[in-house]
Amino acid sequence: MDKLRPGMVYEHTKIVTEEDTAEAHGSGDLPVYATPALVALMEYASKELVKPGLSEGETTVGVKMDISHLKATVVGGAVRARAELLEMEGRRLHFRIEAYEGEMLIGEAIHDRVMVDAQRFMSKFSK
């Protein structure tokens, strides 16, 4: 956790496939990049941003996202998510995430994740 600092940035690019469409996700009827797929890409970027700074056995879980999906992307388009760590409040991490197709902003979000001990977190479900 000592390695995590506000201002850190991570970017990840994904090529949109048929499986990423609103049709495939059931979230819409058109063959364009689905909002649930965009959410997953944004969560991935924020998770990967902090992963190197976590202690052994720690991970993060998403707990909140306020997202705007601004522009449609078709299959074959390259979507890049850019996550920035804004601040840390104890184990809670706050991110700003922007998504681009080329230089065009197609989505933006504020996202919160919480650091957890993976084994302890999962043990709650085995009882």
Side-chain angles (χ1 to χ4, degrees):
M1 185 168 152
D2 293 338
K3 298 176 188 172
L4 299 178
R5 299 275 183 265
M8 295 173 65
V9 172
Y10 179 88
E11 293 188 7
H12 182 74
T13 300
K14 179 185 189 340
I15 303 300
V16 176
T17 67
E18 294 286 341
E19 293 78 28
D20 299 318
T21 66
E23 266 181 332
H25 278 264
S27 63
D29 299 323
L30 300 174
V32 294
Y33 196 45
T35 301
L38 179 59
V39 168
L41 178 66
M42 290 176 157
E43 282 205 88
Y44 178 82
S46 62
K47 171 189 73 92
E48 290 297 305
L49 168 59
V50 298
K51 193 174 185 177
L54 299 176
S55 300
E56 187 173 335
E58 272 189 317
T59 190
T60 61
V61 294
V63 295
K64 182 179 179 183
M65 184 173 284
D66 181 7
I67 182 173
S68 295
H69 193 165
L70 306 169
K71 196 116 174 104
T73 303
V74 297
V75 172
V79 176
R80 174 177 46 94
R82 179 186 187 277
E84 178 183 359
L85 180 59
L86 295 178
E87 65 180 303
M88 300 165 54
E89 292 178 23
R91 301 189 71 72
R92 192 176 197 101
L93 307 169
H94 303 282
F95 300 87
R96 175 185 20 247
I97 310 166
E98 297 172 335
Y100 296 89
E101 182 180 15
E103 296 304 311
M104 185 181 333
L105 181 68
I106 65 159
E108 55 192 2
I110 297 297
H111 179 46
D112 289 355
R113 299 186 73 78
V114 174
M115 293 181 288
V116 299
D117 178 278
Q119 189 172 23
R120 186 171 39 217
F121 184 88
M122 292 307 296
S123 73
K124 295 186 274 186
F125 302 105
S126 62
K127 295 179 180 177

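Quick caveat, the model's predicted, so the values are computed rather than measured.
- Judged by distance alone, the side chain of S55 and the main-chain N or O of E58 form no donor-acceptor pair under 3.5 Å.
- Shown here for P52 and L49, the closest heavy-atom pair between the two residues is CD-O, 3.6 Å.
- Between Y33 and L41 there is a side-chain heavy-atom pair separated by less than 4.5 Å.
- No option in E43, K47, M42 other than E43 meets the side-chain contact (heavy atoms from CB on, under 4.5 Å) test with H111.
- Note that the CD atom of E23 and the CG atom of L30 stand 7.0 Å from one another [nearest 0.5 Å].
- In plain terms, the two heavy atoms of G76 and I15 that are nearest each other are O-CG2, 3.8 Å.
- Separating the NE2 atom in H69 from the OG atom in S27 is a distance of 9.5 Å, to the nearest 0.5 Å.
- Cluster annotation: Y100 is not connected to L38 through the hydrophobic network of ILVMFWY side chains, with a link wherever side-chain heavy atoms come within less than 4.5 Å.
- Taken together through direct or relayed side-chain contacts under 4.5 Å among Ile, Leu, Val, Met, Phe, Trp and Tyr, M122 and V61 form part of one hydrophobic cluster.
- A continuous path of hydrophobic side-chain contacts links L93 to Y44 [ILVMFWY only; heavy atoms under 4.5 Å].
- Of all heavy-atom pairs spanning E101 and G77, the tightest one is OE2-CA, 3.7 Å.
- Here the NE2 atom belonging to H94 is positioned 10.0 Å from the CE atom belonging to M88, to the nearest 0.5 angstrom.
- With R113 as the fixed residue, the side-chain contact (heavy atoms from CB on, under 4.5 Å) test singles out one of T60, T59, V63, L85: T60.
- Contact check for K71 versus M104: side-chain heavy atoms found under the 4.5 Å cut-off.
- Distance check, rounded to the nearest 0.5 Å: CD of E98 to CZ of R82 gives 6.5 Å.
- More than 12 heavy-atom neighbours from other residues, nucleotides or ligands sit within 6.0 angstrom of CD on E87.
- The minimum heavy-atom distance between T73 and V79, with the atom names listed, is CG2-CG2, 3.9 Å.
- Looking at M115 and V50, their side chains never come closer than 4.5 Å, going by heavy atoms from C-beta outward.
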**Request:** Would you sort out whether R96 and I110 count as a side chain to side chain contact (heavy atoms under 4.5 Å, CB included), showing the intermediate values?
**Result:** CA-CA 5 Å; R96 175 185 20 247; I110 297 297; 4.2 Å; yes

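- Summarising the geometry, atom CD belonging to E108 is positioned 11.5 Å from atom CD1 belonging to I97; distances are rounded to the nearest 0.5 Å.
- Under the 4.5 Å side-chain heavy-atom criterion for Ile, Leu, Val, Met, Phe, Trp and Tyr, L86 and M8 are members of distinct hydrophobic clusters.
- Note: the hydrophobic cluster containing V39 also contains F95 (ILVMFWY, side chain heavy atoms under 4.5 Å, direct or indirect links).
- The two residues S123 and S126 come nearest to each other via the heavy atoms O-OG, 3.0 Å.
- The two residues G53 and K3 have their closest heavy-atom pair at CA-CB, 3.9 Å.
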